[in-house]
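Following: one structure in structure tokens, then a few remarks.
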Amino acid sequence: MACPPPPAEAIAAARLTIDLAAVAANYRLIAARAAPAAVGGVVKADGYGLGAERIAAVLAREGCRDFFVATLDEAIALAPALAAEARLFVLNGLVRGAEGRAAAIGAIPVLNSVEQVADWAAAAPGRAAAIQIDSGMSRLGLSPGDALALAGDARRMAALNPLLLMSHLAAADVPGAAANAAQAARFAQVAAAFPGVPRSLANSGGVLLGGLAHDLVRPGIALYGGAPQAGPNPMRGVVTLEARIVQLRDVGAGTGVGYGLDWVAARPSRIATVGVGYADGWPRALGNVGAVAIGGRRVPIVGRVSMDSMTLDVTDVDGTALAGDFPVQLIGPDRPLDAVAAEAGTIAYEILTRAGPRYARRYRGDGADGAAPADGAS
Ligand SMILES: *Cc1c(COP(=O)(O)O)cnc(C)c1O
């Protein structure tokens with residue numbers, strides 16, 4: 001990929017640790033809940049920012065054979081790393097004219113419109129494809145009417161090799177949502193016109209909903225430790241983000257801190273500056289709102305989050321907890337990913353996929369522990 005290699009830990013302001021054993025455990029938990037359906041792995045956006053190749057290798061070891069990326073360029077990057085028997089789906093379908101390039105690497109496009117169906121049938125007749133049906137999210141996929149018309153078009157169907165029929169749930173993270181049953185019913189109704197074609201409906205939240213008829217599930221966030229639904233999170237945390245303290249200073253009562261000086265010390269205070277800012281994907285919304293953890297204690301972010309740094313009120317933190325290489329936990333056991341996301345007014349998906357290239361990256365728990373190779377697993 002085009003991103004620069006991550007910096008070595010010795011010179012980085014922060015390090016991102018990715019626990020591949022936790023990814024494997026999460027895969028097994030999802031597989032147990034989804035059985036007898038098979039489990040694919042959604043590794044779009046470079047494995048939700050955590051490294052698609054490394055994640056895919058772990059999933060493959062757990063028996064995963066189906067992988068989903070969003071775009072053809074993601075497929076081109078990942079395909080060489082996959083085993084020959086793996087299937088690689090392109091969720092967003094193809095840009096018109098790209099059919100030959102997709103076919104050349106054996107990627108399986110998810111055909112989302114009548115036009116994409118026609119283009120694929122013409123450019124790659126008989127080559128495997130997935131067909132997506134819009135069962136109610138109004139985002140991607142053939143309308144039920146168009147899908148039924150396609151099923152009834154023997155000539156067109158003869159030029160297609162649909163090996164998966166899929167749809168996507170709009171509210172799978174809300175167990176009680178009426179939309180889930182409505183989408184499942186609409187999907188089943190359309191799928192009945194494609195006898196023998198395996199079905200895929202559930203993302204992470206959909207797996208936990210249970211009761212859906214499908215042959216293959218498509219979890220993403222659950223593999224990466226995010227909560228698939230509101231409520232207690234059954235998944236194991238995958239990511240730890242820790243930062244160094246760049247500078248400590250003591251300020252008097254009444255001293256302003258950061259851009260706009262809109263945090264003002266109410267008492268003599270000790271301020272720690274860390275070298276993580278919004279250019280690293282750390283949400284600017286956390287300024288004066290969010291927190292980190294030091295020595296197991298919650299420590300508030302004071303002042304605005306800058307591009308490359310932010311400031312913490314460590315007045316109440318024991319001095320020994322401030323020592324050490326990476327004493328500040330931004331995400332981890334003391335600062336769960338979903339809690340950080342909620343404080344920032346966003347979702348775990350966005351926090352993960354924005355994790356920036358300036359973090360040193362190390363992978364744990366796949367028997368090959370250590371820093372990311374300099375040639376860039378990211
Ligand atoms: C991203 C995506 C998934 C994975 O969703 P999660 O909520 O991360 O489990 C599954 N299917 C489709 C079509 C997607 O776009």
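Note that these values count all heavy atoms, side chains included, but never hydrogens, waters or copies made by symmetry. All values derive from a computational prediction rather than experimental measurement. Numbering of ligands and ligand atoms starts at 1, following listing order.
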*In the protein, what heavy atom is nearest to atom 5 (O) of ligand 1, and what distance, to one decimal place, separates them?*
Asn203 CB, 3.4 Å
*asked:* Heavy atoms only, cut-off 4.0 Å: how does Pro219 contact ligand 1, side chain, backbone, both, or neither?
replied: backbone
*Starting from atom 1 (C) of ligand 1, locate the nearest protein heavy atom and write down its residue, its atom name and how far away it is, to 0.1 Å.*
Lys44 NZ, 1.4 Å
*asked:* Give the atom numbers and elements of ligand 1 that come within less than 4.0 Å of a heavy atom of Ile221.
replied: 6 (P), 8 (O), 9 (O)
*Taking N or O atoms only and a 3.5 Å limit, does Met166 qualify as a polar contact for ligand 1?*
no
_Please say yes or no: joined through hydrophobic side-chain contacts below 4.5 Å, possibly via intermediate residues, are Tyr259 and Val302 part of one cluster?_
no
*asked:* To check your reading of the model: name the closest protein heavy atom to atom 9 (O) of ligand 1, its residue, and the distance in Å.
replied: Ser204 OG, 2.5 Å
*Classify the side-chain pair Ser200/Arg218 by whether it contains a donor and acceptor separated by less than 3.5 Å.*
yes
*asked:* Once you restrict to heavy atoms under 4.0 Å, what part of Arg139 touches ligand 1? Side chain, backbone, both or neither.
replied: side chain
*Is Val42 touching ligand 1 with its side chain, its backbone, both, or neither, if touching means heavy atoms under 4.0 Å apart?*
side chain
*Quick check: does Ala222 get an N/O under 3.5 Å from an N/O on ligand 1?*
no
*Less than 4.0 Å between a side-chain N and a carboxylate O, is that true for Arg65 and Glu85?*
no
*Return yes when Gly205 approaches ligand 1 closer than 4.0 angstrom through a heavy atom, no otherwise.*
no
*What protein heavy atom is closest to atom 10 (C) of ligand 1, reported as residue, atom name and distance in Å?*
Arg218 O, 3.3 Å
*Does ligand 1 have any atom sitting under 4.0 Å from a heavy atom of Tyr48?*
yes
_Students should be able to answer this: which protein heavy-atom is nearest to atom 7 (O) of ligand 1, and at what distance?_
Tyr349 OH, 2.6 Å
*Candidate pair Leu312 and Val274, rule side-chain contact (heavy atoms from CB on, under 4.5 Å), full reasoning*: CA-CA 8 Å; Leu312 314 169; Val274 298; 3.9 Å; yes
*Flag the pair Leu160 / Leu111 as yes when at least one side-chain heavy-atom distance between them is below 4.5 Å, and no otherwise.*
yes
*Quick one: does Gln132 get an N or O within less than 3.5 Å of an N or O on ligand 1?*
no
*asked:* For residues Val340 and Tyr359: do they belong to one hydrophobic cluster (side chain heavy atoms under 4.5 Å, members Ile, Leu, Val, Met, Phe, Trp, Tyr)?
replied: yes
*Would Ile221 end up clustered with Val174 when hydrophobic side chains under 4.5 Å apart are linked, directly or stepwise?*
no
*State whether Arg358 and Asp308 are salt-bridged, where the test is any N-O pair (Lys NZ or Arg NE/NH1/NH2 against Asp/Glu carboxylate O) under 4.0 Å.*
yes
*asked:* I'd like to check Ile301 versus Val289 (side-chain heavy atoms, cut-off strictly below 4.5 Å). Are they in contact?
replied: no
